[in-house]
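This report concerns only the one structure given below.
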Amino acid sequence: MTNPWMIMLVGVITVFVALFLIILFLLGFPKFFSALKKKEHKKLAPLPEIVEVTKKKAQAGLLSQSPAEDDEELIAVLTAAVAAARGSELGSFAIAQVKQAAAEGCGFNTPVWGRVERLSRK
Amino acid sequence: MTNPWMIMLVGVITVFVALFLIILFLLGFPKFFSALKKKEHKKLAPLPEIVEVTKKKAQAGLLSQSPAEDDEELIAVLTAAVAAARGSELGSFAIAQVKQAAAEGCGFNTPVWGRVERLSRK
Amino acid sequence: MTNPWMIMLVGVITVFVALFLIILFLLGFPKFFSALKKKEHKKLAPLPEIVEVTKKKAQAGLLSQSPAEDDEELIAVLTAAVAAARGSELGSFAIAQVKQAAAEGCGFNTPVWGRVERLSRK
Amino acid sequence: MEAFFSHFISSTGFIAMTWGQLIMLTVSCILLYLGIVKEYEPLLLVPIAFGMLLANLPASGITDGPKDGLVGGLIYYLYQGVKLGIYPPLIFLGIGAMTDFGPLIANPWSLLLGAAAQLGIFIPFIAAYYMGFDLKSCGSIGIIGGADGPTAIYVTSRLKPELLGPIAIAAYSYMALVPLIQPPIMKALTTKKERLVKMAQLREVSKAERVVFPIFVTILIGLLLPAAVPLVGALMLGNLFRESGVTERLSDTAQHALINTLTIFLGVSVGSTASAARFLNPQTLMIIGLGLFAFSCGTAGGVIFGKIMYWITKGKVNPLIGSAGVSAVPMAARVSQVVGSKEDPTNFLLMHAMGPNVAGVIGSAVAAGVLLTVLE
Amino acid sequence: MEAFFSHFISSTGFIAMTWGQLIMLTVSCILLYLGIVKEYEPLLLVPIAFGMLLANLPASGITDGPKDGLVGGLIYYLYQGVKLGIYPPLIFLGIGAMTDFGPLIANPWSLLLGAAAQLGIFIPFIAAYYMGFDLKSCGSIGIIGGADGPTAIYVTSRLKPELLGPIAIAAYSYMALVPLIQPPIMKALTTKKERLVKMAQLREVSKAERVVFPIFVTILIGLLLPAAVPLVGALMLGNLFRESGVTERLSDTAQHALINTLTIFLGVSVGSTASAARFLNPQTLMIIGLGLFAFSCGTAGGVIFGKIMYWITKGKVNPLIGSAGVSAVPMAARVSQVVGSKEDPTNFLLMHAMGPNVAGVIGSAVAAGVLLTVLE
Amino acid sequence: MEAFFSHFISSTGFIAMTWGQLIMLTVSCILLYLGIVKEYEPLLLVPIAFGMLLANLPASGITDGPKDGLVGGLIYYLYQGVKLGIYPPLIFLGIGAMTDFGPLIANPWSLLLGAAAQLGIFIPFIAAYYMGFDLKSCGSIGIIGGADGPTAIYVTSRLKPELLGPIAIAAYSYMALVPLIQPPIMKALTTKKERLVKMAQLREVSKAERVVFPIFVTILIGLLLPAAVPLVGALMLGNLFRESGVTERLSDTAQHALINTLTIFLGVSVGSTASAARFLNPQTLMIIGLGLFAFSCGTAGGVIFGKIMYWITKGKVNPLIGSAGVSAVPMAARVSQVVGSKEDPTNFLLMHAMGPNVAGVIGSAVAAGVLLTVLE
Ligand code: NA
Ligand code: NA
Ligand code: NA
């Protein structure tokens with residue numbers, strides 16, 4: 001293509017077409033996702049509390065640097081409590097665990113107790 | 001150059017000359033900048049208060065994570081207040097705005113309200 | 001080597017041998033280091049207090065951002081006090097100083113007073 | 001020994017210095033002044049200006065390639081990331097991680113304003129053609145009107161690397177000057193009644209929408225315009241890191257260590273292309289002029305399309321948000337807010353202008369894809 | 001003009017798209033779903049899936065090398081760090097800085113569990129051989145059972161780069177699925193009595209031990225198996241930064257900016273190797289199947305050796321910690337804890353399982369060294 | 001099968017090991033001990049020592065270049081940043097962002113002390129010449145006296161890369177030993193009366209001065225000595241990021257993620273040049289000896305010039321601050337403080353010594369420029 005007017009025409013049209021296709025897509029969002037949301041609410045309902053408890057613990061650990069023994073007990077109690085209280089199938093529980101780790105952004109392979117251990121090292 | 005003594009001579013002289021030129025320059029600093037300072041004081045006088053207000057807001061937002069509505073209102077009020085109170089030409093006001101953003105180190109393209117929005121997302 | 005069974009054999013044996021050698025080494029740790037620890041305790045006994053004082057100061061400076069004058073005085077007093085109180089040979093004292101800097105993670109070449117100065121700049 | 005010293009002195013830069021270099025050193029100091037004191041896009045203008053300064057110190061060899069067994073200069077190596085098109089997409093990764101597409105998702109029609117403002121690319125493209133530039137230069141000049149640094153540098157590095165210096169400097173300077181360039185155009189093109197329009201509150205956008213958006217846009221734009229994939233893909237990957245909620249580590253690094261490092265490298269090496277020999281010629285002045293024209297066209301395009309939307313919606317859209325379609329995030333959106341609040345201090349256009357503002361980034365990436373497809 | 005437009009349209013990806021690419025785009029979206037919604041190893045699955053998505057957008061050229069004077073695509077350059085074996089060891093540097101070898105030092109015998117679980121590498125190696133793969137492919141497939149991403153990528157990039165896509169995806173997917181894969185195997189191989197064993201509290205580990213450990217392991221493994229030096233050396237250097245107490249700056253950067261940046265680059269470029277042409281063939285399905293087999297073998301190997309230790313120690317070792325020997329830090333250790341606490345909620349196996357867990361990382365690096373020595 | 005195993009065993013490092021490598025492993029362990037336990041410049045000594053350790057594990061190939069279609073080793077690629085002169089200036093960027101030139105601006109005359117201490121470069125240069133080293137080696141040996149790691153590595157990598165190992169190790173070791181090396185020399189060269197001088201409080205330095213300083217120094221040094229531009233320019237750009245107040249993001253990254261990453265890469269790859277074959281020879285001992293001589297000369301040069309200033313100012317300058325002119329920031333300045341406070345505990349020389357201290361960095365960069373101009 002060497003005709004500048006043609007390039008301009010192609011350019012302007014492409015930009016409008018591309019962005020208009022995105023608009024079409026976005027206009028469908030509210031309906032689609034409001035339907036999706038209701039399902040999610042049911043599925044994920046019990047999760048937040050667990051996450052919250054762990055987060056509080058994590059923050060407490062990070063801020064107060066309490067001794068490792070306390071934290072370890074806390075984790076043990078927490079784990080046991082959750083396992084006991086839910087008495088549910090292993091799969092879902094294990095994934096909830098995984099969820100917490102990721103949500104806290106600890107990432108890769110330092111587990112919560114690893115960090116606790118680290119913070120409390122003398 | 002292959003004569004080590006000559007290299008040494010050139011080296012020592014160059015180091016002293018270079019650093020002495022810097023000295024000459026630095027000796028002129030106090031006079032030059034004390035003159036400059038007076039001018040600046042007049043020009044920039046009204047700025048600090050604006051910056052300060054915004055900074056307080058930013059810190060508050062960052063620390064307390066108050067709901068977005070409050071912050072948005074605060075920004076709206078702040079913006080309106082500044083605009084009204086100054087009743088000044090657009091240019092200077094706009095640049096003052098720019099100044100704040102940079103000073104807070106938010107950088108690139110995340111505006112204050114973007115961050116506020118982000119912090120308060122549920 | 002092109003016999004997969006041979007490769008497997010070599011692999012499994014190598015893994016076990018390698019990790020077993022580490023085990024042998026680790027089994028010697030407790031004895032070796034408990035002996036070492038006693039020596040260290042004697043040598044390093046007076047250090048912790050110095051480090052602690054400086055750390056408190058550093059934290060105070062970082063959190064409260066108190067004026068530079070105060071901090072400088074504090075450093076001067078601290079330095080003088082330590083020097084006076086110990087009245088010891090220079091070498092050990094200098095190294096204790098170095099130790100503090102590194103322990104605080106300030107690293108490279110920004111000294112404590114550099115950071116203090118920086119925090120308090122208007 | 002005299003010969004010895006005179007030989008050494010002849011190797012200093014004082015002797016080798018040309019008038020052009022002296023001028024360029026002055027220009028770089030002015031740019032540093034604008035960046036530091038006037039705070040015009042300092043994050044890029046400071047590295048660019050310093051790179052320009054370093055490149056115009058005679059005889060330092062800091063931009064020279066390797067030869068005769070000697071290794072090249074520092075900036076020669078840093079420049080490879082520009083030349084190979086690596087830095088701009090990775091900077092877009094960081095920008096994506098910093099960008100909130102929420103206002104755009106809440107008000108999809110604002111994408112049209114982001115499209116209209118790309119006239120700021122194509123009209124100067126034509127203008128440059130009739131001023132005698134070859135097509136590749138025209139594309140590089142036009143992209144200034146995209147008001148988006150990494151896009152401008154990416155396109156220019158592929159089409160016309162010789163023009164990197166003036167184009168990058170024009171793009172970043174005018175982005176900083178948006179608060180001065182846009183308001184007169186906005187006022188001239190709108191009526192008081194239009195400027196007084198208050199827009200309806202935006203709806204809340206869910207996390208799921210935010211996550212699906214970058215994935216979808218990548219696929220759509222990627223299929224429509226393969227040449228835009230590096231820019232759009234990186235922008236959207238960064239945004240996905242941000243919005244997915246499970247990759248905060250990556251989002252954080254993309255927004256800080258990675259983008260800052262590459263900004264330094266990009267700025268210094270782009271600035272270094274503005275050597276006296278390359279920079280000081282009539283072309284540069286024309287580019288600087290066309291850049292201003294480009295920003296004006298973009299602003300006008302957005303505002304005019306805003307007026308069209310005002311008419312179609314019977315007064316529900318304030319045309320002032322159209323000017324934000326040029327990108328220059330978030331300055332252009334702020335200008336909409338400021339101009340609007342001058343008419344009515346209780347009118348809060350900021351969030352509404354953020355939609356066209358981020359749409360402008362996508363729009364200019366698409367326009368860049370067209371130019372690369374047609375001209376590369 | 002018609003010809004003009006039709007030419008332009010023919011350059012879009014819609015036309016060039018193959019069925020295979022469509023399938024791969026769907027697969028990448030499924031992987032994004034697993035990564036983001038199911039949170040299966042999102043830090044790597046999201047970049048990998050997005051890289052796969054980008055590589056399967058037709059005609060973008062983002063993975064093409066330089067030719068005819070044109071520079072290469074972004075991912076071509078990012079991929080060099082995989083091809084040259086640079087990213088995986090540097091990611092290991094960060095992992096080393098994040099790893100606490102304390103539980104291993106406190107209980108050295110757990111290293112044997114980390115060794116036994118490497119059966120998950122060598123049994124599938126044999127299986128792949130009899131399924132018709134050549135030896136280098138067998139090595140790459142076997143290493144999936146190491147349950148360690150950087151090791152798998154490092155080995156595969158040296159032995160059989162063509163298989164990087166399926167192998168990396170299998171490795172990371174199964175690592176995320178460890179909580180589903182392991183428990184049935186663990187229960188099938190152990191008695192209730194074994195699962196109820198409570199282990200003695202671990203002793204405290206001093207700083208000196210933590211510092212000497214990485215230095216010694218590097219020398220020992222380095223002498224025994226030179227090919228493992230890049231992986232083991234980097235892992236241990238990172239750990240030394242962490243434990244020395246005097247290089248916190250370096251440890252911090254290795255754990256954040258450096259590992260995150262390289263994770264993005266590695267993920268995107270590894271994902272990009274999964275183009276339709278390479279990925280969609282019967283081999284891939286076999287690899288996916290063998291990967292699951294590998295994880296199962298590793299788990300079984302660890303648990304069975306755990307039973308042996310249970311017998312030898314007369315009931316002092318709970319065989320459930322054996323499954324943690326596959327690596328997949330820290331998921332596999334958590335699974336030991338969860339399975340154990342299901343039998344007795346007051347049994348706390350986490351710390352005990354961390355020993356075999358980090359031992360598994362060393363074990364698979366050693367196994368990788370053997371495969372590289374024998375097959376490269 | 002026997003042959004099989006014996007073949008495999010012959011590939012281990014135990015067999016290939018030489019006495020030299022065993023000695024070097026011991027040396028690297030000693031350096032790790034000095035870095036970690038004695039805390040001698042641990043941020044560089046730990047990576048250097050670990051690089052040395054890795055390079056002396058036989059047969060690992062970690063420093064080998066690519067050949068016969070096989071890719072090179074990890075450290076071969078990391079080393080390219082040293083070889084091409086990229087790491088040292090970028091590390092200087094970070095150091096610039098960490099350096100406060102305020103005390104120097106407040107007391108310009110302290111620059112002369114930073115100049116005088118460069119005798120620690122040029123006297124050993126002559127000494128090395130008469131000990132039989134060629135001129136390029138002399139330059140590399142002399143630069144140890146600059147007491148500045150990146151400068152020493154930059155110069156050596158350009159003049160005599162074979163000597164990188166011993167020179168880097170000497171430079172960093174003696175920098176850590178400054179508190180032991182300097183005091184006896186300082187006391188021997190000064191009288192009690194001189195050491196008791198209390199200096200006047202430094203004036204306050206404004207932001208504008210801090211901003212103009214790096215720009216001006218870059219231009220001046222750049223014109224006077226083009227070869228010093230990469231080092232001085234990077235140092236001053238980093239300082240400008242710090243002082244401008246508008247580029248905190250860039251300053252932060254330069255001070256952390258960037259400098260830490262490059263410190264790891266530089267340290268490991270510099271350390272890896274100290275292979276047994278290269279390191280264990282009489283030259284190394286001579287270099288170690290000349291390095292100590294260099295530090296002593298630098299200290300003496302600074303103190304003697306301090307005495308001259310004491311005479312000229314009639315007792316207003318304490319000669320003890322002269323020793324800080326060798327660089328080794330901030331250790332040398334602390335030594336001035338400590339030696340001064342031993343005579344009078346109320347004498348506070350720290351801030352006064354910081355002037356010569358940072359002047360020494362500029363001074364040795366200038367000296368490096370001279371050596372590169374004359375010898376490269
Ligand atoms: Na734009
Ligand atoms: Na493993
Ligand atoms: Na020096």
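Each chain gets a letter, A, B and so on, in the order the sequences are listed, and its residues count up from 1. No experiment lies behind these values; they were computed from the predicted model shown.
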Among D/Ala228, D/Ala115, D/Ala367, single out the residue with the greatest number of heavy-atom pairs under 4.5 Å to chain A. D/Ala115
Does any part of the side chain of D/Ile321, heavy atoms only, come nearer than 4.5 Å to the side chain of D/Leu113, both counted from C-beta? yes
With a 4.5 angstrom heavy-atom cut-off, could you sort out which part of D/Phe305 is near chain A: side chain, backbone, both or neither? side chain
Beyond-backbone contact of D/Trp311 with D/Val317, side-chain heavy atoms, under 4.5 angstrom: no
With only heavy atoms counted, which part of D/Leu112 is less than 4.5 Å from chain A, the side chain, the backbone, both or neither? both
Is chain A contacted by the side chain of D/Ile105, its backbone, both, or neither, given a heavy-atom distance below 4.5 Å? both
D/Phe101 vs D/Arg242, test: side chain to side chain contact (heavy atoms under 4.5 Å, CB included). Steps then yes/no. CA-CA 11 Å; D/Phe101 285 110; D/Arg242 174 196 168 128; over 6 Å; no
The single option from D/Thr99, D/Asp148, D/Leu237, D/Asn239 passing side chain to side chain contact (heavy atoms under 4.5 Å, CB included) against D/Phe92: D/Asp148
Are A/Phe25 and A/Phe29, when compared by the centres of their aromatic rings, separated by less than 6.0 Å? yes
Bottom line for D/Ala116: the part with an atom under 4.5 Å from chain A's heavy atoms is both
Counting heavy-atom pairs under 4.5 Å with chain D, which one of A/Val15, A/Val12, A/Thr14 comes out on top? A/Val15
In terms of heavy-atom pairs under 4.5 Å, which option from D/Ile121, D/Leu104, D/Val366, D/Leu111 contacts chain A the most? D/Leu111
Chain A heavy atoms under 4.5 Å from D/Tyr130: which part of the residue, side chain, backbone, both or neither? side chain
Under a 4.5 Å heavy-atom cut-off, does chain A meet the side chain of D/Ile123, its backbone, both or neither? both
Just wondering, do A/Phe20 and A/Ile23 contact through their side chains at under 4.5 Å, heavy atoms? yes
Okay, D/Glu209 and chain A: the region with an atom under 4.5 Å from a heavy atom over there is both
For a quick check under 3.5 Å, do D/Thr247 and D/Ser244 share a side-chain donor-acceptor pair by atom type? yes
